[in-house]
Amino acid sequence: MPCTPAIASMSVGRAWVHRLPEKLAQIAAAGFQGVEIFYEDLEYLAREQAQAAVTEPTLLAAARTTKTLCDNLHLQIIGLQPFLFYEGLVDRAEHAQRITKLRTWFTLAHTLGTDLIQIPSNFQPTGTTGDLDLIVADMREIAELGLQERPVVRFAYENLAWATHVSSWETLWEVVRRVDRPNFGCCLDTFNIAGKVWADPMATSGKVAGDADGILAESLARLVRTIDVGKVFYVQVVDAERMRQPLVEGHPFHVEGQPARMSWSRNARLFLYEQERGGYLPVVEVARAFLKELRFEGWVSMELFSRSMAEADPAVPREHARRGMRAWELLVEELGL
């Protein structure tokens, strides 16, 4: 399929402030064709429907409602995310609990009408190992479980720039390559690549020390030479604000014990082409590598995290959806998609 615009459900407002039905309506009205469903949105919809604590049956009811809403709006659900804190757990009893939870996610995915679950790399500060043999074994285990499902469930692994062990695309790809299962691939994200090798929110310049542009260019050239595009299940395109002051202790976004890139990501991402809001990452260069040089075709999602998503203004879903679509349209124009 050609490159097609999608957006994540939480990108237009957080679930405890903005209801999922309204968000989906605004996503469709803006012109998006696909949506990533954020698990948090299902939880809050289930609570709204049941007026009680979340249980599996109410989550399934929320999934059914979401599928009906998306069908009526002609929105395709491209995936369910994020399945958190899975790989590399030292406590294997905890690992077994995650597998049990995954079986519920299989049911939710089937109910939503999607075959894709996204797994961000583990960013727990303790309790995990960087042993790639174990990480690969963990991922191969869920891939095998997904192959047993009908329809088959696929997994999109994503490297987070602040992850404890798998923070680079190189390590991500090594895991995908070694898992070697047809239903196990990756999600490539402009923020997590540029935010890792080019940007540094703790630096006054906002950039890593040395030749940041050269480092990024070399990294992207290697990515294009290395990654099998058939293993890229979808991509995410997003920018971020340059911090006016280094994101260190004393900064409003600083959280003790939390990686600066995580604090930055949660508070200050932007849609592409929003330089007037402080956007500064070389997102177009990264997107060009994904969409033109690697020749990816498929879903391109505008996945945003920002403090603005939790604002109580009822116009937030509409404005975020419109901003996301404007970013997509300008990217299409610039890259000639």
Side-chain angles (χ1 to χ4, degrees), residues 6-11 34-40 77-89 98 102 105 109 114-124 128 130 132 135-136 138-140 142-143 146 153-179 181 183-199 219-220 223 226-240 259 261-262 264-266 269 272 281 283 286-287 289-291 294 296 298-305:
I7 195 167
S9 61
M10 84 291 173
S11 296
V35 60
E36 296 180 72
I37 296 298
F38 204 56
Y39 183 78
E40 170 189 283
I77 297 173
I78 70 171
L80 174 64
Q81 65 122 325
F83 189 72
L84 290 169
F85 307 137
Y86 169 68
E87 82 280 19
L89 294 172
R98 291 290 195 278
L102 180 65
W105 276 55
T114 184
D115 69 345
L116 188 66
I117 292 173
Q118 191 226 56
I119 304 179
S121 52
N122 205 325
F123 56 92
Q124 290 174 300
T128 64
L132 275 187
I135 290 172
V136 168
D138 285 348
M139 293 308 203
R140 191 174 289 146
I142 61 169
V153 174
R154 298 181 299 148
F155 299 92
Y157 191 32
E158 179 185 14
N159 61 295
L160 300 183
W162 61 90
T164 310
H165 305 292
V166 183
S167 60
S168 69
W169 71 259
E170 290 93 341
T171 310
L172 170 80
W173 179 248
E174 179 66 9
V175 174
V176 172
R177 185 188 67 80
R178 289 179 57 185
V179 168
R181 294 296 184 273
N183 62 328
F184 191 85
C186 61
C187 167
L188 296 179
D189 181 298
T190 60
F191 173 86
N192 284 312
I193 290 180
K196 171 71 175 180
V197 305
W198 186 90
S219 178
L220 293 177
L223 182 151
T226 304
I227 287 183
D228 173 4
V229 71
K231 286 290 190 179
V232 182
F233 291 165
Y234 71 109
V235 305
Q236 295 170 331
V237 175
V238 67
D239 200 347
R261 283 184 170 90
M262 180 176 175
W264 180 43
S265 169
R266 290 294 176 260
R269 291 205 212 184
L272 184 52
L281 297 182
V283 176
V286 183
F290 294 170
L291 306 180
L294 194 60
F296 171 82
W299 292 108
V300 180
S301 179
M302 309 288 115
E303 190 216 33
L304 179 79
F305 284 94

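These numbers were taken from a predicted model, which means no experiment stands behind them.
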[X] versus [Y]: any side-chain heavy-atom pair under 4.5 Å?
| X | Y | answer |
| --- | --- | --- |
| W264 | F191 | yes |
| L116 | Y234 | yes |
| T128 | F85 | no |

Locate the shortest heavy-atom distance separating [X] from [Y]; write the atom from each residue and the value.
| X | Y | answer |
| --- | --- | --- |
| V136 | V175 | CG2-CA, 4.2 Å |
| E303 | A8 | CG-CB, 3.9 Å |
| A143 | V179 | CB-CG1, 4.3 Å |
| V176 | C186 | CG2-CB, 4.2 Å |
| L80 | T114 | N-CG2, 4.4 Å |
| P82 | P120 | CB-CG, 3.5 Å |

Tell me if the aromatic rings of W105 and F155 count as close, with their centers under 6.0 Å from one another. no
Nearest 0.5 Å, what's the CD-CG distance between Q118 and D189?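 Reported to 0.5 Å precision, the distance equals 8.5 Å.
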Indicate yes or no for a side-chain donor-acceptor contact from [X] to the backbone of [Y] under 3.5 Å, with no hydrogens or angles considered.
| X | Y | value |
| --- | --- | --- |
| N192 | A161 | yes |
| R261 | A199 | yes |
| R177 | D228 | no |
| S121 | S167 | no |
| S11 | M302 | yes |

Kindly indicate, with the supporting measurements, whether the criterion side-chain contact (heavy atoms from CB on, under 4.5 Å) is fulfilled by N159 and W173. CA-CA 9 Å; N159 61 295; W173 179 248; over 6 Å; no
Evaluation steps, side chain to side chain donor-acceptor pair (under 3.5 Å), between E36 and Q236: CA-CA 11 Å; E36 296 180 72; Q236 295 170 331; 3.3 Å; yes
The residue among V232, V229, T190, I227 that forms side chain to side chain contact (heavy atoms under 4.5 Å, CB included) with F290 is T190
Derivation of the side chain to side chain donor-acceptor pair (under 3.5 Å) call for S265 and R269: CA-CA 6 Å; S265 169; R269 291 205 212 184; 2.9 Å; yes
Does the side chain to side chain donor-acceptor pair (under 3.5 Å) test come out yes or no for S219 and W169, once each step is laid out? CA-CA 9 Å; S219 178; W169 71 259; 2.8 Å; yes
In terms of the angle between their ring planes, are F38 and F305 parallel, tilted or perpendicular, with boundaries placed at 30° and 60°? perpendicular
